[in-house]
Amino acid sequence: MQRQIQTALLMAASLFMDMMDGTIVTSAIPSIARAFSVSESTASLLVSSYIIALAVLIPLSGWLGERYGHKKIWLYAVGGFTATSFLSALSINFHMLLVMRILQGVSASLMTPTARIIVMEKTSPKDMLRMTSFLIWPALIAPAIAPLLGGILVTALSWHWIFLINIPLGITCILLGIRIIAPGVPHKERSFDLIGFVEIAAMSTLLLAAGDMASRGFVYYRPSLILLIAGLITGVLFCWHLYHTKHPLFSPWPLKVASFRISQTGESFLWLSVGALPYLLTVFLQSYFGWSPVKAGTYILCIFLGNIGIKPFTTFIIRHLRYKKAFLLAFFWVLLSALCFALITSTTPGILIIILAVISGMGRSLSLTAYNGLCFSELPGKERNDANTLTAVTSNLAVGLGISLITVVNAIASRIAGTGRGYEISFIFLGILMIYPIIETLFLPDDIGENTIR
């Protein structure tokens with residue numbers, strides 16, 4: 001068990017590196033734009049290109065892990081991520097930096113799902129909650145502290161340091177990984193589903209590109225709608241292919257299991273809401289209240305305080321309330337905080353904003369821990385690799401689309417009702433997103449996930 005915990009902590013460190021890098025760059029966009037004499041909209045390609053490269057190649061990770069072994073793929077991915085981080089800091093022009101960011105996304109697409117399956121593949125149901133508690137930290141911490149850390153690094157040093165901080169962590173992960181991770185044995189070879197890969201890669205690219213384009217302004221809404229429709233059609237074709245081909249890219253069988261299926265449906269809505277909230281709140285405090293990036297980042301950090309404050313008790317809460325009631329409690333916290341954020345004004349005491357951020361963080365932590373504890377609980381080991389690939393695809397799409405979705409909602413609402421009301425409507429929208437997982441949870445059996453808490 002000790003080696004299993006060490007492995008889980010190591011995988012969590014690599015996940016943290018990826019999730020931090022996916023968001024911290026946002027803080028440096030103005031500085032990078034000035035350094036390379038490009039517009040901020042052009043510089044923002046550093047964010048969208050990373051997310052798209054990550055989402056497009058994730059489906060490849062499961063097949064490569066089965067063919068060559070998860071440890072080997074993870075080590076190569078961490079090495080590639082570290083090297084491209086170093087080369088990003090050394091970039092002599094914007095085009096070089098953009099290429100390095102794309103290659104970073106490629107490395108992350110192999111590193112993230114592989115890290116998760118290394119821990120979960122052989123974890124017994126009774127240990128699922130405990131192992132999940134280690135892996136969930138990066139998703140909770142990175143988005144909360146990235147705005148503040150990025151602001152400090154860019155202000156005190158330079159934009160190069162948002163990449164350089166990855167190097168010691170990456171090297172440490174590689175050295176520990178060689179020693180700690182069990183070698184493992186590659187699974188039986190299976191043919192590569194090229195058609196399925198092209199379809200899901202095209203779907204991910206079209207959907208994320210549609211979201212990114214729509215977030216750039218009203219003039220792009222029509223082409224983004226065309227991309228969205230094309231992405232949805234491609235997604236339908238991929239689903240048809242998945243169920244009818246002899247050797248699919250990954251098996252859809254796990255979706256028949258309720259405990260796994262809700263991690264693809266309800267959790268996606270959760271990610272849309274909780275993934276977009278830190279971004280919306282940051283923009284709101286800076287643009288509407290006129291706060292500095294550091295001051296706004298400090299308040300966003302309170303979401304992280306809620307994450308860590310409730311984390312030691314999440315397993316206790318789930319064991320005593322059971323999953324169904326724990327979900328409802330977490331969703332209520334997320335819904336309540338989002339609706340209350342719609343009511344704050346420039347005269348609202350800072351302590352109230354802090355309390356709301358903490359409550360939001362508590363809801364994030366409890367709900368994500370519960371979803372991840374259930375995800376693989378009723379799946380046999382041989383199905384977990386395919387399930388892990390599917391989970392990585394849906395969660396990354398949800399996170400990537402969350403910020404674009406709330407940007408569009410805020411832009412439309414602000415244009416119709418004014419800037420202040422636009423932000424109010426946007427926060428309310430994030431709260432409304434929680435209605436689906438609440439309804440879905442109400443129809444779950446009361447004893448769901450019992451095999452993980454006995």
Side-chain angles (χ1 to χ4, degrees), residues 1-24 50 53-54 57-89 100-101 103-124 127-128 130-142 145 162-187 372 375-376 381 384-389 391-392 395-396:
M1 178 59 72
Q2 184 63 31
R3 182 168 183 169
Q4 191 177 16
I5 292 175
Q6 291 175 345
T7 301
L9 290 173
L10 178 60
M11 295 302 103
S14 67
L15 292 174
F16 176 82
M17 184 167 59
D18 160 42
M19 294 181 182
M20 174 66 74
D21 216 69
T23 53
I24 196 174
Y50 178 90
L54 174 63
L57 291 176
I58 274 180
L60 189 61
S61 64
W63 182 82
L64 287 174
E66 283 195 337
R67 186 176 181 89
Y68 300 106
H70 296 299
K71 177 179 180 178
K72 181 180 293 186
I73 297 301
W74 181 83
L75 288 172
Y76 282 138
V78 176
F81 192 89
T82 306
T84 50
S85 294
F86 179 66
L87 292 173
S88 293
M100 289 303 106
R101 281 292 286 173
L103 293 178
Q104 266 191 317
V106 172
S107 298
S109 72
L110 302 180
M111 179 173 66
T112 302
T114 305
R116 184 181 173 92
I117 195 62
I118 284 175
V119 176
M120 291 301 185
E121 188 174 30
K122 297 180 181 179
T123 299
S124 63
D127 295 322
M128 199 67 71
R130 187 179 184 188
M131 292 300 105
T132 294
S133 67
F134 295 115
L135 293 181
I136 203 65
W137 278 97
L140 298 173
I141 299 174
I145 69 173
I162 64 173
F163 299 110
L164 292 175
I165 60 173
N166 291 328
I167 297 173
L169 181 57
I171 293 174
T172 302
C173 284
I174 293 172
L175 295 177
L176 291 177
I178 293 172
R179 183 172 64 88
I180 293 176
I181 304 174
V185 179
H187 294 256
N372 281 271
C375 190
F376 299 137
R384 291 183 182 179
N385 185 64
D386 287 339
N388 180 65
T389 303
T391 299
S395 62
N396 276 276

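This one's a predicted model, so the numbers in the text were calculated from it and none came from an experiment.
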### Task
Spell out, as yes or no, whether a donor-acceptor pair under 3.5 Å connects the side chain of Thr112 to the backbone of Ser109.
no

### Query
Could you state the interatomic distance from OG1 (Thr84) to CD (Gln104), rounded to the nearest 0.5 Å?
4.0 Å

#### Entry: Rounded distance [0.5 Å steps], CG in Leu75 versus CG in Leu175
10.0 Å

### Query
Tell me, do Arg101 and Phe163 make a side-chain contact under 4.5 Å, heavy atoms counted?
yes

### Message
Tell me the closest heavy-atom pair linking Gly80 and Ser107, and the distance in Å.
### Response
C-OG, 3.3 Å

### Interatomic distance, Ile174 atom CD1 to Arg179 atom CZ [nearest 0.5 angstrom]
15.0 Å

#### Entry: Heavy-atom closest contact (Ser85 atom, Asn166 atom, distance)
OG-ND2, 3.1 Å

### Task
Mind checking the NZ-CD1 spacing from Lys71 to Ile178? Nearest 0.5 Å is all I need.
7.5 Å

### Query
How about Trp74 and Leu10: do any of their side-chain heavy atoms sit closer than 4.5 Å?
yes

#### Entry: Rounded distance (nearest 0.5 Å) linking atom OG1 of Thr172 with atom CD1 of Ile167
11.5 Å

#### Entry: Exercise: identify the closest heavy-atom pair between Thr82 and Gly170
OG1-CA, 3.3 Å

### Heavy-atom pair with the smallest gap, counting every atom of Pro113 and Ala108
CD-O, 4.1 Å

